[in-house]
Amino acid sequence: MLKVIFPILSLVLLETSETESQNDLTINSVKLKHNLEDVGDIKEGSNITLTCSVDILTASGQPPHISYLIYKGQKDVLLKRDTIEAQEFQYVIQSARPSHSGYYHCEVTTGSQREESTSLFITVTGNLQTPVLTIQPMEVVLGDSTELCCTSEEIPPLRFIFYRYKNGPNPQRLHDTTSNNKSATHRLKVTADAEKNYSCTVEVSATRSISKHSEIVQLTVHSPFSDQVFEIKPSNEIFEGDNLTTECRVTPLFPHVKLQLIIMKDTTPIRIGNTSSVVFSKTVNAADTGKYGCMVKWKSLSQTIKRQVTVAVPVSVPTLMSTPTDGNVVKDGFLNLSCAVLGGSYPITYKFYQDTSENPLHQITLNATKAVHHIVSVKIGHSGKYSCEASNSADHITRTERSQYVIITVKVPVSSPTIKCSSLKDVYKTGEWVILLCHSTSGTVPITYSLFSNKRFIYSISRSNTEPAAFKVLLNETKDGGEYKCKAENEIPNLFKYSKGINITVKGTQWWIYITIVLFSLVIIGLAILIARFRKLCSKNNEGISQEDESCKQGQSGPFQHNQGSLKKTKEVIYSKIGNFTHRKLNQPDSDMLIEQQETDSDRNHEGDYTNIMSYERNVTEDDPESDCEADYTNVISKRKSSASADSDSSCDENNQVLYTQLDLAVLQNNNMPQPQGPTIYASIALDKLR
């Protein structure tokens with residue numbers, strides 16, 4: 001048991017120790033350099049020493065085991081790999097060649113850590129070795145394959161390029177491939193049109209330097225077939241409805257060789273024969289367009305000739321349309337003519353004509369069913385009949401169709417009209433006629449002129465010639481005067497013009513104005529007399545007013561206590577002037593409700609105020625002792641004058657200020673004041689809140 005446990009414990013301790021030692025390692029940096037860094041470009045044949053150095057920090061101080069890997073390119077070619085304890089590793093390139101040019105870098109691994117150096121580029125000048133091309137086999141039967149192999153002694157990775165020689169000494173690129181080896185191959189399928197001569201070159205990917213061409217190698221091809229012919233009649237481009245004939249024929253190379261001939265459309269056989277000639281014929285339509293072929297087969301070998309057959313659809317009759325659609329075009333505006341067909345094979349040639357001219361205005365060939373001719377600035381000469389042609393071709397045959405005619409009329413917008421009076425007068429009397437002339441100097445007739453007075457439409461006149469329009473207007477009233485304008489417009493919508501305004505003054509036998517002034521003055525004088533008489537009457541009525549009314553008794557609450565009962569007689573309005581006066585201290589029982597005016601205020605003058613005092617006659621009912629006397633109140637506001645007025649009724653000076661408050665008409669009836677005869681109104685003036 002101990003024999004088993006001991007090795008296991010030893011292995012665990014060893015791994016733990018290695019792990020701890022690895023965890024104590026830190027790779028600070030990895031660098032790659034070579035011994036000819038100060039030389040610049042390195043010449044062919046030089047010895048190059050690559051040195052990979054690493055900076056490692058170890059906590060234990062023991063030298064670690066370090067794995068070095070040196071690559072050329074992006075890990076394309078591994079040049080050398082080794083594990084040592086030293087912190088520096090070298091790789092020597094003996095007799096460097098241009099193919100040694102490129103990027104190099106090194107990779108360092110120790111424990112669980114790995115770091116890479118930055119890439120180092122080396123350039124070696126010189127000439128690349130010429131490669132060697134071989135073909136195996138060099139003699140083949142038509143339909144077989146052969147292999148081209150290009151070999152070089154240069155250092156990979158290399159790019160191998162294969163060339164073929166076709167109709168001349170200049171090679172054409174056939175195929176290229178990149179290899180990490182010193183050779184590359186290309187497999188070639190030998191067909192009837194395969195070239196016979198081939199060569200190759202080698203390119204160093206890092207420097208893009210290319211070697212010379214290898215020697216040309218010739219391929220020998222044997223075919224069981226002689227001259228193969230594939231004919232299409234009348235042509236491989238025909239119109240729908242024409243007759244198409246295809247023929248496939250071949251001359252046998254050997255009498256014993258039995259060949260199979262196949263005529264195909266795309267990949268579908270349409271005629272098969274075992275003779276030296278096969279023919280297929282039919283009337284074609286658009287669906288017969290495709291690729292036709294003639295195939296000759298011998299055992300596993302075949303040879304095919306293909307031709308493209310295009311069955312064109314003749315163009316339909318085109319339709320010519322204009323924009324604007326009504327054929328009326330504004331001078332200096334735009335005109336678009338569009339020629340469209342419903343169908344036809346592309347390309348289609350469109351031609352635009354004006355009137356009977358044989359020379360087209362515009363011609364264009366498009367792969368589209370519509371073409372547009374733009375005229376950006378239309379002139380008067382563009383008026384006329386227009387048509388278009390659409391045509392397409394099949395081989396050397398052209399089919400052409402012509403459109404209907406479209407009539408284009410170029411119209412001139414009206415110019416801004418002018419308006420003037422036929423007479424030289426500026427002022428007219430009511431009842432007179434005025435003739436206003438409106439004229440637009442340019443514009444396609446007919447032209448309609450409209451007259452406006454103060455933005456109000458009057459009437460219109462249409463002119464089929466260039467003469468001005470004469471508007472005859474009756475000036476009935478003075479309001480018929482003011483600004484007159486006219487508007488000119490023709491059949492071109494939304495291009496009307498207004499004239500500048502002309503002002504006309506209309507004056508009316510003005511005797512009625514004086515009569516009106518006289519009558520108005522008499523009415524004012526009459527009203528003034530009536531008001532003066534009425535004021536005088538009111539002044540007399542106010543002389544019998546006392547401060548208390550016997551119909552109302554004085555309550556405990558003061559002079560404003562309401563009386564019992566109600567008044568239901570007709571209301572009477574009296575106009576009274578409340579003038580300026582000087583207050584004195586009252587001796588009545590309720591004089592504490594009034595305000596004493598200071599003697600210093602007696603010299604102040606005030607402007608009198610007028611107010612309406614609404615009087616009511618009330619019937620007092622003894623059965624209803626709780627009812628209040630109905631009272632009317634009004635607020636009278638005093639106005640202070642800056643100086644004494646000459647016609648004021650007040651004898652107060654400027655320092656006197658009189659303020660009025662509520663007039664209680666109802667409470668006066670409770671006072672035991674003697675009642676005068678007639679409609680006398682009593683009023684008390686409360687001055688208690690005037691301070």
Side-chain angles (χ1 to χ4, degrees), residues 232-246 265 281-292 307-413 444 491-493 495:
I232 300 176
K233 298 177 183 179
S235 172
N236 61 336
E237 293 183 1
I238 60 176
F239 278 108
E240 190 176 46
D242 294 342
N243 188 70
L244 176 68
T245 300
T246 59
K265 179 182 181 295
S281 180
K282 70 168 295 189
T283 300
V284 295
N285 54 35
D288 292 319
T289 296
K291 186 166 285 188
Y292 289 76
R307 298 284 187 272
Q308 176 68 35
V309 175
T310 302
V311 181
V313 178
V315 293
S316 60
V317 177
T319 301
L320 181 65
M321 299 183 66
S322 67
T323 303
T325 57
D326 57 359
N328 294 324
V329 186
V330 181
K331 181 179 178 293
D332 297 327
F334 73 94
L335 172 63
N336 291 337
L337 297 173
S338 62
C339 186
V341 295
L342 294 177
S345 298
Y346 300 149
I348 301 175
T349 300
Y350 298 91
K351 297 179 181 179
F352 296 84
Y353 296 90
Q354 182 179 5
D355 297 328
T356 59
S357 175
E358 295 297 327
N359 297 322
L361 293 172
H362 179 65
Q363 177 177 335
I364 189 171
T365 301
L366 299 171
N367 289 333
T369 58
K370 184 174 74 171
V372 180
H373 175 44
H374 302 279
I375 302 176
V376 295
S377 182
V378 177
K379 306 303 179 186
I380 298 297
H382 287 110
S383 294
K385 295 193 305 182
Y386 288 81
S387 63
C388 71
E389 283 184 354
S391 61
N392 59 358
S393 300
D395 196 17
H396 299 292
I397 301 173
T398 301
R399 301 285 179 87
T400 302
E401 298 290 345
R402 198 175 186 103
S403 71
Q404 84 289 1
Y405 283 101
V406 171
I407 298 177
I408 300 299
T409 303
V410 179
K411 295 189 175 183
V412 180
T444 302
E491 294 179 352
I492 304 176
L495 287 181

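Predicted model only: the values in this text are computed from it and were never measured.
Closest heavy-atom contact between C339 and Y350: O-CE2, 3.6 Å. When all heavy atoms of S391 and T400 are compared, the closest pair comes out as CB-OG1, 3.3 Å. When all heavy atoms are compared, the tightest approach of T283 to G241 is CG2-O, 3.5 Å. In terms of heavy atoms, V406 sits closest to L320 at CG2-O, 3.3 Å. Between F352 and C388, the closest heavy-atom pair is CD2-CB, 4.1 Å. What you find for S393 and F239 is that their closest heavy atoms are C-CZ, 3.8 Å.
A donor-acceptor distance shorter than 3.5 angstrom exists from the side chain of D355 to the backbone of K385, with no hydrogens or angles considered.
Applying the side-chain hydrogen bond (donor to acceptor under 3.5 Å, both in side chains) test to every pair with at least one member in residues 356-365, sequence neighbours left out, gives these pairs: T349-T365. Listed by first and then second residue, the side-chain hydrogen bond (donor to acceptor under 3.5 Å, both in side chains) pairs that reach into residues 368-384 are D332-K379, N336-H374, S377-K379, sequence neighbours excluded. Annotation: side-chain hydrogen bond (donor to acceptor under 3.5 Å, both in side chains) contacts involving residues 309-326, sequence neighbours excluded, are absent.
We find the CD-CG distance between E401 and N392 to be 9.5 Å, quoted to the nearest 0.5 Å. Here the straight-line distance linking atom CZ of R307 with atom CG of N236 works out to 8.5 Å at 0.5 Å rounding. The distance from the CE atom of M321 to the CG atom of L337 is 11.0 Å, given to the nearest 0.5 Å. Remark: F334 CZ to I375 CD1 distance equals 11.5 Å, nearest 0.5 Å. The structure places NZ of K265 at 5.0 Å from OH of Y292, a figure rounded to the nearest 0.5 Å.
For the side-chain contact (heavy atoms from CB on, under 4.5 Å) test, residues two or more places apart in sequence or in another chain that qualify with A286 are E240, V313. Among residues two or more places apart in sequence or in another chain, the side-chain contact (heavy atoms from CB on, under 4.5 Å) test is passed with K411 by N328, T409, T444, E491, I492. Residues passing the side-chain contact (heavy atoms from CB on, under 4.5 Å) test with V284, sequence neighbours excluded: I238, L244, K282, D288, V311.
Applying the 6.0 Å contact sphere to CD1 of I407 captures no more than 12 heavy atoms from other residues, nucleotides or ligands.
The closest side-chain heavy-atom distance from I380 to K331 is below 4.5 Å.
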